[in-house]
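Notes follow the structure.
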Amino acid sequence: MKNLNSTYIILLSFLLVLIFFINTLIFVQPEFITDSNTHRQYLFATTFGITGEYFFRFPEWVYAPWYYMFCSYIFGPIFFGLYKLNFINLEYACMYTMLFGTLILKLFTIIGSYKFASKLFFNQKEYASLFAMLVVVLPFGNKDFYGHNSETMGVMLLPFCFYFLINYLEKKKLKYLFFYVISFGLGGSLKINVLVPFILFNL
């Protein structure tokens, strides 16, 4: 393992995510998205206040809005601006908003997984970087970009949650407890199927 450079492994992880992203960017269409109407309407209604012709029904289950807010407030102005200028339609504006948001979340997943694994493997950077790569290439970590799922944010927050918890237990500094509570609260409140593994893994 000593001949492996952890920096190269992390860069390769970023490259793999970018390849997945570019492939999706080229071939994806709004109708490919799982539960496309539900996700688009949630984004329209809760973040942009659009309830006109594109609003068919509000989601029948409750999501915390963190994932949608993250995507919308960072990339929403760009793509909804293009929609207002008639360069793309509303469905594509929504799709690209969440597509680019998901890309950022997956890049942060690599960083968080590496930091957590550095603690897990006692600062053996090669093992930590390989762990980070596995997280983003295995099916659970590499959920389809066009899936538009709040679980993507949950996967990103979980390793950060562990990292801050371990740091707090080691160093007893309140700042780590604060960041742990924030990451646990955001991740655990995303969705019930994210809350359950958050509680189990933290225990």
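These numbers come from the heavy atoms of this one structure, side chains and all, not from hydrogens, waters or symmetry mates.
- For Tyr114, the side chain to side chain donor-acceptor pair (under 3.5 Å) test picks out no residue, with sequence neighbours left out.
- Residues satisfying the salt bridge (Lys or Arg N to Asp or Glu O under 4.0 Å) test with Lys84, not counting sequence neighbours, are none.
- In this structure, Lys106 is not positioned above the aromatic face of Phe108 in the sense of NZ or CZ being under 6.0 Å from the six-membered ring centre and within 45° of the axis.
- Both Ile104 and Phe20 belong to a common hydrophobic cluster when Ile, Leu, Val, Met, Phe, Trp and Tyr are linked at side-chain heavy-atom distances under 4.5 angstrom.
- Between Phe80 and Tyr83, the angle of the ring planes goes over 60°, which puts this pair in the perpendicular group of the 30/60° scheme.
- Nearest heavy-atom pair across Phe198 and Gly187 is CZ-CA, 3.7 Å.
- A search for ring pair (Phe, Tyr, Trp, His ring centres under 6.0 Å) contacts involving Phe75 returns Phe100, not counting sequence neighbours.
- Hydrophobic cluster of Phe122: no remaining members, since no ILVMFWY side chain lies below 4.5 Å from it.
- Applying the side chain to side chain donor-acceptor pair (under 3.5 Å) rule to Lys171 yields the partners Asn167; only residues at least two apart in sequence or on another chain are considered.
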Under the criterion side chain to side chain donor-acceptor pair (under 3.5 Å), I'd like the reasoning laid out for Tyr8 against Ser129: C-alpha separation, chi angles, the key distance, then a yes or no. CA-CA 9 Å; Tyr8 291 150; Ser129 56; over 6 Å; no
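- Looking only at side-chain heavy atoms (C-beta outward), Thr97 and Tyr68 stay at 4.5 Å or farther from each other.
- Between Phe116 and Phe131, the ring-plane angle classifies as perpendicular under the 30° and 60° cut-offs.
- A search for side chain to side chain donor-acceptor pair (under 3.5 Å) contacts involving Asn23 returns nothing, not counting sequence neighbours.
- Using bins of under 30°, 30° to 60° and over 60° for the plane-to-plane angle, the ring pair Phe79/Tyr96 lands in the tilted bin.
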